[in-house]
Amino acid sequence: MIENWLRLQKFTQQVSSELEEKLGQMTPAVSLNEFYVLHFLKQNAGLDLRVSDLSQKLGLSLSATSRMLVRFEQTCNVITRTQGQEDKRSIRINLTTEGERVLEEARHQLDLVLANYKGILTEFGRNFND
């Protein structure tokens with residue numbers, strides 16, 4: 001079992017590395033974690049998604065998530081952050097039109113990489129869901 005686990009770890013590291021490289025070629029360049037931010041924001045469009053919620057989904061610290069969001073807002077213009085209406089201490093995060101564009105391009109780039117692993121990923125999904 002340990003050997004299977006190690007092979008799975010090696011596989012995910014290889015795919016993640018390829019995904020990072022492909023996303024890094026975009027303009028603006030985004031990391032895999034930054035892609036996940038865009039993906040989760042799109043997935044939760046219209047809902048209140050707090051920084052703490054996003055941090056938990058990413059498996060990152062609150063401060064690391066906050067730094068990423070500041071960069072996204074100030075240099076890439078892919079998100080907006082506004083004060084929550086019900087709780088003035090909370091921050092609402094939304095994708096901008098540019099964020100939607102970057103997310104679609106990133107999805108396309110990820111699809112190109114993941115297509116190389118379609119058989120493995122399909123089989124894994126089949127086994128995982130059983």
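The hydrophobic clustering, which links ILVMFWY residues whose side-chain heavy atoms are closer than 4.5 Å, places Ile120 and Leu19 together. A continuous path of hydrophobic side-chain contacts links Val113 to Phe11 [ILVMFWY only; heavy atoms under 4.5 Å]. Cluster annotation: Val70 is not connected to Leu62 through the hydrophobic network of ILVMFWY side chains, with a link wherever side-chain heavy atoms come within less than 4.5 Å. Following chains of ILVMFWY side-chain contacts shorter than 4.5 Å, one can reach Met26 starting from Val37, so the two form part of one hydrophobic cluster.
For the pair Leu23 and Val30, the tightest heavy-atom approach, listed with the atom from each and the gap, is CB-O, 3.1 Å. Contact between Arg101 and Thr27 at its shortest, heavy atoms only, is NH2-O, 3.2 Å.
For the side-chain contact (heavy atoms from CB on, under 4.5 Å) test, residues two or more places apart in sequence or in another chain that qualify with Thr122 are Lys118, Arg126. Taking Glu20 as the reference, nothing meets the side-chain hydrogen bond (donor to acceptor under 3.5 Å, both in side chains) condition, with sequence neighbours excluded.
Judged by distance alone, the side chain of Ser55 and the main-chain N or O of Thr65 form no donor-acceptor pair under 3.5 Å. In this structure, the side chain of Ser17 does not engage the main chain of Gln13 through any donor-acceptor pair within 3.5 Å.
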Side chain to side chain contact (heavy atoms under 4.5 Å, CB included) between Phe72 and Leu95, worked out:
CA-CA 10 Å; Phe72 259 7; Leu95 283 178; over 6 Å; no

Is there a side chain to side chain contact (heavy atoms under 4.5 Å, CB included) between Thr97 and Glu100? Walk through the geometry before answering.
CA-CA 5 Å; Thr97 303; Glu100 296 268 355; 5.5 Å; no

What do the steps show when you test Phe35 against Gln109 for side chain to side chain contact (heavy atoms under 4.5 Å, CB included), and what is the final call?
CA-CA 11 Å; Phe35 165 77; Gln109 296 302 320; over 6 Å; no

For Asp53 and Phe40, run side chain to side chain contact (heavy atoms under 4.5 Å, CB included): C-alpha distance rounded to whole Å, both residues' side-chain angles, the deciding distance at 0.1 Å, then the answer.
CA-CA 10 Å; Asp53 299 329; Phe40 290 136; over 6 Å; no

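Screening Glu105, Glu98, Glu34 against Pro28 for a side chain to side chain contact (heavy atoms under 4.5 Å, CB included) leaves a single residue, Glu98.
You'll find the side chain of Val15 stays beyond 4.5 Å of the side chain of Asn116, heavy atoms only. Residues Arg67 and Ser63 meet the side-chain proximity criterion, which asks for heavy atoms closer than 4.5 Å.
To the nearest 0.5 Å, atoms CD (Gln9) and OG (Ser16) are separated by 9.5 Å. Considering NE2 of His39 and CG of Leu58, their distance stands at 10.5 Å, rounded to 0.5 Å. Leu69 contributes atom CG, which lies 6.0 Å from atom CZ of Arg81 (distance to the nearest 0.5 angstrom). How far CD of Glu21 is from CG of Leu32: 13.0 Å, rounded to the nearest 0.5 Å. One finds the CG atom of Leu41 at 5.5 Å from the CG atom of Leu54 (value rounded to the nearest 0.5 Å).
Here Arg107 pairs with Glu104 in a salt bridge; the nearest charged N to carboxylate O distance falls below 4.0 Å.
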